[in-house]
> 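Pasting a structure here, questions to come.
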Protein chains: 2
Amino acid sequence: MTLDALPPHQGGAEQLARLLAQALLTGHWQPGDTFPRELDIGKHFAVSRNQVRNALTSLSAAGLLERTAGRGTLVREMGDWHLLDPLMSEWMTGLVNLDPQLVRAIYAFRFSAEPVVAGLAAQAAEAEDLERLERAFAGMENTAGSVDARDEHAEYDVAFHDATYRASHNLVWRQMGHLLRPSIMALIHGSQHRTDTLDDSLARHRQVLDAIRNRDVSAAETAAREVLRRTAIDLGIVS
Amino acid sequence: MTLDALPPHQGGAEQLARLLAQALLTGHWQPGDTFPRELDIGKHFAVSRNQVRNALTSLSAAGLLERTAGRGTLVREMGDWHLLDPLMSEWMTGLVNLDPQLVRAIYAFRFSAEPVVAGLAAQAAEAEDLERLERAFAGMENTAGSVDARDEHAEYDVAFHDATYRASHNLVWRQMGHLLRPSIMALIHGSQHRTDTLDDSLARHRQVLDAIRNRDVSAAETAAREVLRRTAIDLGIVS
DNA sequence: GCTTGTTAAAATGTCAGACATTTAATAGAC
DNA sequence: GTCTATTAAATGTCTGACATTTTAACAAGC
């Protein structure tokens, strides 16, 4: 695959990295393919070799590429991607045609993990955590109706789940909050946003919040599972 | 804190990155401190500015440092560390004086997550996965007795748990296998390695293996919890 | 013919030095 | 005192040359 199909870019190695990463994430190149050479990339996008190298360094740190002196740059397979790298989440966010296999994998992870996290949150949450959860939930409520606040609503949704992970008061789980963004953002494009489904989603989130506030571990686990069941429907994973 | 307390190094930006990372991980610098300047580091270790920049790029990608043009390099706090970055696991492995708070956090994560993973493995494991688990378990058995095979035993232990994560057949959980290494390696230095505790540990691992083989989800969850209870004792987290 | 060693080409990796940009502190004008 | 230039110090970027690694081609020798 060549570079010609990619859009132009403007300014900064980060931009270039995002551009190339998103091309890789949407299957623009096949695993095992040789990636274009540094000099060709630089010539194509009219940037210095430095910028190219900085971008490629990020991509290989994220497990998307494998570079070896003398041989060149190879595209790695999905199983080697560092899905938990925050940079990855940033690159995946806003991608419309994310690989369905990946969306399903992330969802399946959340479905197995998030009930546990909600349970931990119910045990460990402090006042500060509850405030964060309530703020996020209030934001979701306020933006539920209007069509042109969809992005904002998604941000509050992300904030709610992230607050749940943080409330677990575990450094490792907390890191995982990054992973939520692309999964939730995919909802915007995937679901119908009918009023009744939104109301349903809100009600389920409220139950998570209440369970955590009441320090009811098993209720939090159940409620989290219910939220994700709703999510699965909206994502089109189940009907 | 100065660079003088650090051991010398030989060759490669990776070595330098490991050296500095381990210094940061053991609290050589406090969060908020300003890290030495590029030129000073280069002069101290007699390496080019390039090498220093490559090393610092890794460290800031892992969330250990925050660099801003003009201001300098700041040391970030533990909550910002990317604990799930594979590089981090590599750096943490072999550290004797890892921060106890960190060891506890990783253990708490495993205690909440690994039962779920074992349950998923019981659902999804295929022949290939069972072979991996059995090979690892056999290795643990063979190396259980001798004192000079402790490192090898730990490797098989890591391999067993990693195989469990892989057997879940979920891309996200699989990535998390990296996190196990430092946690398990810490056991080598922390525990007494008496014969009876080793036998006990082996028996519990065997139950995980059997449960997965029998596709018994709840038995796998229980068995994984038992393994981790043993681990907690060996780590000195509980008595 | 098969192996082995040599050479050449192509790719990434490294170096060195100049320059750019950003930030913070400092001195000066009003 | 406050605002504004100026300066210093740090990281970021560019450029061109060179180093190293890998692969492939090719020739020499048995």
Side-chain angles (χ1 to χ4, degrees), chain A residues 1-3 8-21 23-24 29-76 80 87 90, chain B residues 1-3 8-21 23-24 29-76 80 87 90:
Chain A
M1 180 58 61
T2 69
L3 296 166
H9 98 118
Q10 48 171 3
E14 290 179 16
Q15 284 288 339
L16 182 56
R18 151 178 268 110
L19 189 72
L20 297 173
L24 285 163
W29 281 274
Q30 295 303 312
D33 283 2
T34 70
F35 205 69
R37 301 179 303 242
E38 292 179 348
L39 293 174
D40 290 342
I41 300 175
K43 178 144 288 187
H44 182 80
F45 291 106
V47 296
S48 72
R49 193 180 162 212
N50 240 348
Q51 303 266 31
V52 177
R53 282 186 62 77
N54 289 341
L56 294 186
T57 298
S58 292
L59 299 202
S60 71
L64 293 173
L65 298 176
E66 179 182 5
R67 322 188 66 203
T68 35
R71 183 164 13 167
T73 303
L74 293 183
V75 177
R76 304 183 70 175
D80 295 323
L87 272 178
E90 203 182 309
Chain B
M1 182 57 62
T2 69
L3 296 166
H9 97 121
Q10 48 170 1
E14 290 179 17
Q15 285 288 340
L16 181 57
R18 151 179 269 111
L19 189 71
L20 296 173
L24 285 163
W29 280 274
Q30 294 303 312
D33 284 2
T34 69
F35 204 70
R37 300 180 302 243
E38 293 179 347
L39 294 174
D40 290 343
I41 300 175
K43 178 145 290 189
H44 181 81
F45 291 107
V47 296
S48 72
R49 191 178 164 214
N50 240 345
Q51 303 265 30
V52 176
R53 284 186 61 78
N54 289 340
L56 294 187
T57 298
S58 292
L59 299 202
S60 71
L64 293 173
L65 298 177
E66 179 182 5
R67 323 188 65 206
T68 36
R71 183 163 16 166
T73 303
L74 294 183
V75 177
R76 303 184 71 175
D80 295 323
L87 271 179
E90 203 182 310

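What's counted below: heavy atoms across the whole structure, side chains too, no hydrogens, waters or symmetry copies. The chains referred to below are lettered A, B, ... by the order of the sequence lines, with proteins before strands, and numbering in each begins at 1.
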> Measure from CZ on A:R53 to P on C:dG13 and round the result to the nearest Å.
5 Å

> Indicate the atoms forming the closest heavy-atom contact of B:A21 with B:L59, along with that distance.
CB-CD2, 3.7 Å

> Can you tell me which nucleotide in C:dT14, C:dT12, D:dT15 comes closest to the side chain of A:R37?
C:dT12

> Find the distance A:F45:CZ to D:dC14:P and express it as a whole number of Å.
15 Å

> Identify each atom pair where a protein N or O and an N or O of nucleotides 19-22 of chain C are less than 3.5 Å apart, giving names and distance.
none

> Using side-chain heavy atoms (C-beta onward) and a distance below 4.5 Å, is B:E90 in contact with B:E14?
no

> Could you tell me whether the side chain of A:L24 reaches within less than 4.5 Å of the side chain of A:L65, counting heavy atoms only?
yes

> Below 4.0 angstrom from OP1 or OP2 of D:dT15, is there any side-chain N or O of A:N50?
no

> Send over the distance from A:L16 CG to D:dT13 C1', rounded to a whole Å.
14 Å

> In this structure, how many angstroms lie between the P atom of D:dT15 and the CD atom of A:Q51, rounded?
10 Å

> Does any non-hydrogen side-chain atom of A:R53 lie less than 4.5 Å from one of A:R67?
yes

> Starting at atom CD of A:E38, determine the distance to atom C1' of D:dT21, rounded to an integer number of angstrom.
14 Å

> Is A:N54 close enough to D:dT13 that one of its side-chain N or O atoms is under 4.0 Å from OP1 or OP2 there?
yes

> What integer distance in Å separates A:D40:CG from C:dA10:C1'?
12 Å

> 5'-most contact on DNA chain D: A:T68 or A:S48, nearest heavy atom basis?
A:S48

> State, yes or no, whether a side-chain contact exists between B:L64 and B:V75 at a heavy-atom distance under 4.5 Å.
no

> Would you say D:dT11 has OP1 or OP2 under 4.0 Å from some side-chain N or O of B:T73?
yes

> Rounded to the nearest angstrom, tell me the gap between atom CZ in B:R67 and atom C1' in C:dT23.
15 Å

> Please report the shortest heavy-atom distance between A:A13 and A:A55, naming the atom on each side.
O-CB, 3.8 Å

> Is there a side-chain contact between B:I41 and B:F35 in this structure, where contact means two heavy atoms from C-beta onward sitting under 4.5 Å apart?
yes

> Whole angstroms only, please: what is the CG-C1' distance between A:L59 and C:dT12?
15 Å

